Amino acid sequence: MAKSNEEFVQHIASRAEDFPQWYTDVILKTDMVDYSDVKGCMVIKPYGYGVWELIQQQMDAKFKATGHKNAYFPLFIPESLLLKEAEHVEGFAPEVAWVTHGGNEKLAERLAIRPTSETVIGSMYSRWIQSYRDLPVLMNQWCNVVRWEKSTRPFLRTSEFLWQEGHTAHANFEEAQEETMRMLEIYREFAEKVMAIPVIVGRKSEKEKFAGAQATYTMEAMMQDGKALQMGTSHNLGDNFARGYDITYLSKEGKLEYCFTTSWGTSTRMIGGIIMVHGDDRGLVFPPRVAPIQAVILPIAMHKEGVLEKAQELRVRLEAAGVRTELDDSDQSAGWKFNQWEMKGVPLRIEVGPKDIANNQVVVVRRDNLQKQFVPMDGLEKSINDLLDDVQQGLFDKALAMRESKTVNATNFDQLAEGVQTGFVRAMWCGERECEEAIKAKTGATTRCMPFDTTHRDELGDVCVHCGKPAKHMMYFAKAY
RNA sequence: CGGGGUGUAGCGCAGUUCGGUAGCGCACGUGCUUUGGGAGCAUGGGGCCGGGGGUUCAAAUCCCUUCACCCCGACCA
């Protein structure tokens, strides 16, 4: 029955040869997503949605712990409402989808389908906030938004996507700034601890910042093909939206003041990041904390007496110990199952066969390094949980090493141009938009962020990597998704 | 929106040059043997050949037209 590995059908493209093709193959063949009949919209299948649910649960707990409450605001935004913040409208206008008819009747005023909700929420905050006693207002909503994109790719850029958007209102700029940073830090911790993705946090350039924001902060991750992915943003909106939507309060001194607002968001794009950072040529690799299935039990020689029963017993034990466990008792060959579950990225595979039962042990294989080990059935719960923690940490370390190997310093333009072909480039920058645009035109790379962590600053000199004028900022450059 | 490509079974494709019974692989159903790295044999089901119009005795195939999707660019979480 056993064929050599060479004869096995190649199910997925190699990452090294064609990363985009590998990405598409993997997500389609592992029941993550499907293409829908509407261009640019994806269908998230249960396995893919399971990842999103785990993200939601864990992130939402962080929001609650910092005093935020969930709410829901309308999908439709009247055009007049959208128009109140000039910069914002200008930024989003090219990608807004409009509703022009209700039934057979043309609407007197067309309705935008929210590309983001600052406007609707701002108009409500305007009604709700009267006094300094009402502040701060800390809300979040989990919802879908629509941006009419010209080119799309599942998870990374879809016309409709799921996200969370936090919106807060504060009495002054400083409090808004604190909130902006607090949420960015929650995102950073989430990325690194839960998704096992190391990120660079910092501030966006004026060109790249959110339309209507005073300052945009971001976390940027490096993918295996050398392109950067923005995984989350946090904006200090200053009093821009408060002025546009008339969000005011009476201060303790009885003066009418504008609020200062923030917004912050992360989306299903993060799932694309998880796939592109951790995946390998065998398929997906999920960090345990976002793995819909953390351990799969494969009964070997199922027809033999006691095997299936033992497998079922182990599943009950592991589930009771909080491990998301699947028992694959399907009528497939063992080899097929091995490959299938590896492709789906399940962190641990547990094999139970007659030999194991005789020895009171199981065979456990880690997805991250494919190491095989015998584990006693006694105390299996703890062993598995410990192994899951190991895999979680191992994946982070591996991803960090990958990113570091793709990050270089540049003190002149040639080094920058070369470095951005394969990853991040740290360099000094004058802060001028013309320079930023010229670099993009010449290299295809954009400014990703001005990092808070200025390690390596001393190695970068003091002049702009492009124009040679005195530098103002340390900047990460990269090609981006 | 520019440039390139593809539409034939659930999926991947051949057939189109030169019109003549709708094919292959995988998947799926059934039976038996298998099960520690993608099983074997037997047997079976499944098609408005993207849509519309033409030419012809006859169209997956030729002509006209339309629609959809994919890839590469420009724009974007």
Side-chain angles (χ1 to χ4, degrees), chain A residues 1-12 18 20-21 24-25 28-29 34-41 91-96 115-116 144-165 187 204 207-211 216 218-221 228-235 263-273 282-283 298-304 307-308 328-343 349-359 361-363 365 370 372 374 440-441 444 446 448 480-481:
Chain A
M1 38 118 268
K3 287 186 180 176
S4 68
N5 268 315
E6 288 70 26
E7 287 176 88
F8 293 156
V9 184
Q10 189 72 36
H11 273 254
I12 50 175
D18 188 349
Q21 187 61 50
T24 306
D25 278 1
L28 289 176
K29 285 175 179 166
D34 203 350
Y35 288 118
S36 78
D37 294 331
V38 181
K39 177 171 170 52
C41 293
F92 278 100
E95 38 183 329
V96 171
T116 177
N144 58 342
V145 289
V146 168
R147 297 180 187 178
W148 213 256
E149 300 289 354
K150 293 192 173 84
S151 76
T152 58
R153 188 189 296 269
F155 290 126
L156 300 180
R157 172 159 292 106
T158 47
S159 301
E160 178 190 4
F161 57 94
L162 305 179
W163 78 346
Q164 60 67 214
E165 48 179 328
Y187 287 162
K204 283 286 191 190
K207 179 177 186 295
E208 297 283 329
K209 80 177 185 188
F210 177 75
T216 287
T218 179
M219 60 174 177
E220 301 279 328
L229 183 71
Q230 180 174 312
M231 304 269 290
T233 49
S234 185
H235 316 289
S263 70
W264 24 276
T266 58
S267 72
T268 38
R269 165 180 275 192
M270 291 192 296
I271 299 173
R282 287 171 179 260
L298 301 187
I300 305 294
M302 267 191 309
H303 62 287
K304 299 241 169 89
V307 173
L308 196 52
D328 185 355
D329 57 0
S330 67
D331 184 23
Q332 298 282 0
S333 75
W336 188 89
K337 290 182 189 175
F338 293 164
N339 286 284
Q340 193 66 12
W341 290 108
E342 274 166 12
M343 194 163 71
R349 176 174 87 230
I350 302 171
E351 300 170 24
V352 198
K355 281 185 259 172
D356 302 310
I357 294 170
N359 295 330
Q361 66 180 23
V362 294
V363 174
V365 180
L370 300 173
K372 194 172 187 170
F374 296 100
K440 186 178 180 189
T446 49
R448 300 321 301 162
Y481 274 98

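Quick caveat: nothing in here was measured; it's all calculated off a predicted structure. Here is the naming used below: chain letters follow the sequence lines, and residue numbers restart at 1 for every chain.
- Considering only side-chain atoms of D331(A), the nucleotide from G38(B), A77(B), U34(B) that sits closest is U34(B).
- Nucleic acid contact class of L156(A) (heavy atoms, under 4.0 Å, all strands): base.
- Atom CG in D25(A) sits about 11 Å away from atom P in G12(B), given to the nearest Å.
- At least one side-chain nitrogen or oxygen of S333(A) sits closer than 4.0 Å to the OP1 or OP2 atom of A39(B).
- Side-chain contact of T158(A) with E149(A): a donor-acceptor pair under 3.5 Å is absent, judged by distance alone.
- Every residue two or more places apart in sequence or in another chain was checked for a side chain to side chain donor-acceptor pair (under 3.5 Å) with S267(A), and none qualifies.
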| request: Just do the side chain to side chain contact (heavy atoms under 4.5 Å, CB included) check on E208(A) and T218(A) with the steps written out, would you? | output: CA-CA 10 Å; E208(A) 297 283 329; T218(A) 179; over 6 Å; no
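- Distance, D328(A) CG to G36(B) P: 13 Å, rounded to whole Å.
- Following rounding to the nearest Å, F92(A) (CZ) and A77(B) (P) show an atom-to-atom distance of 7 Å.
- The line from NE2 of H303(A) to CG of L308(A) is 12.0 Å long, rounded to the nearest 0.5 Å.
- Put simply, CE on M219(A) is 15 Å from P on A77(B), counting in whole angstrom units.
- Among the heavy atoms of the strands lying under 4.0 Å from P354(A) is at least one base atom, whether or not backbone atoms are also near.
- Out of A77(B), G38(B), G36(B), the shortest distance to the side chain of S267(A) is found at A77(B).
- Nearest to the side-chain atoms of N339(A) among the listed nucleotides G36(B), A77(B), G38(B) stands G38(B).
- Following rounding to the nearest Å, M270(A) (CE) and A77(B) (C1') show an atom-to-atom distance of 11 Å.
- K207(A) has its NZ atom 10 Å from the P atom of A77(B), to the nearest Å.
- In this structure, the side chain to side chain donor-acceptor pair (under 3.5 Å) partners of T446(A), at least two apart in sequence or on a different chain, are R448(A).
- Checked by distance alone, E342(A) brings a side-chain donor or acceptor within 3.5 Å of a matching partner on the base of G37(B).
- Under the Watson-Crick or G-U wobble criterion, with both distances below 3.5 Å, C24(B) is paired with G12(B).
- When distances run from any side-chain atom of A334(A) to the nucleotides G37(B), G36(B), A77(B), the shortest one goes to G36(B).
- In this structure, A39(B) forms a base pair with U33(B), meeting either the Watson-Crick or the G-U wobble geometry with both donor-acceptor distances under 3.5 Å.
- Within 4.0 Å of K337(A), counting heavy atoms only, lies no atom of the nucleic acid at all.
- Using a 4.0 Å heavy-atom cutoff across all strands shown, V145(A) reaches no nucleic acid atom at all.
- In this view, N144(A) and R114(A), E160(A) satisfy the side chain to side chain donor-acceptor pair (under 3.5 Å) rule, not counting sequence neighbours.
- Evaluation of F161(A) against the base of A77(B) yields a stacking contact (centre distance < 5.5 Å, interplanar angle < 30°).
- Closest-nucleotide positions on RNA chain B for K304(A) and Y481(A) were compared, and the one nearer the 5' end corresponds to K304(A).
- The CD atom of Q164(A) sits 6.0 Å away from atom CH2 of W264(A), with the distance rounded to the nearest 0.5 Å.
- Q340(A) has its CD atom 12 Å from the P atom of A27(B), to the nearest Å.
- Figure legend. G73(B) is base-paired to C1(B); pairs are counted as Watson-Crick or G-U wobble with both atom distances under 3.5 Å.
- Across A39(B), G36(B), U35(B), the shortest atom-to-atom separation from the side chain of H303(A) is found for U35(B).
- With sequence neighbours excluded, the residues satisfying side-chain contact (heavy atoms from CB on, under 4.5 Å) with N359(A) are Q361(A).
- Rounded to whole angstrom, the span from the CD atom of E351(A) across to the C1' atom of G36(B) amounts to 6 Å.
- By the salt bridge (charged side-chain N to carboxylate O under 4.0 Å, His left out) test, R349(A) pairs with E342(A), E351(A), sequence neighbours left out.
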Using a cutoff of under 3.5 Å, can you pull out all pairs of nitrogen or oxygen atoms linking the protein to nucleotides 70-75 of chain B, with atom names and distances?
from	atom 1	to	atom 2	distance (Å)
C70(B)	OP2	K39(A)	NZ	3.3
C75(B)	OP2	K440(A)	NZ	3.4

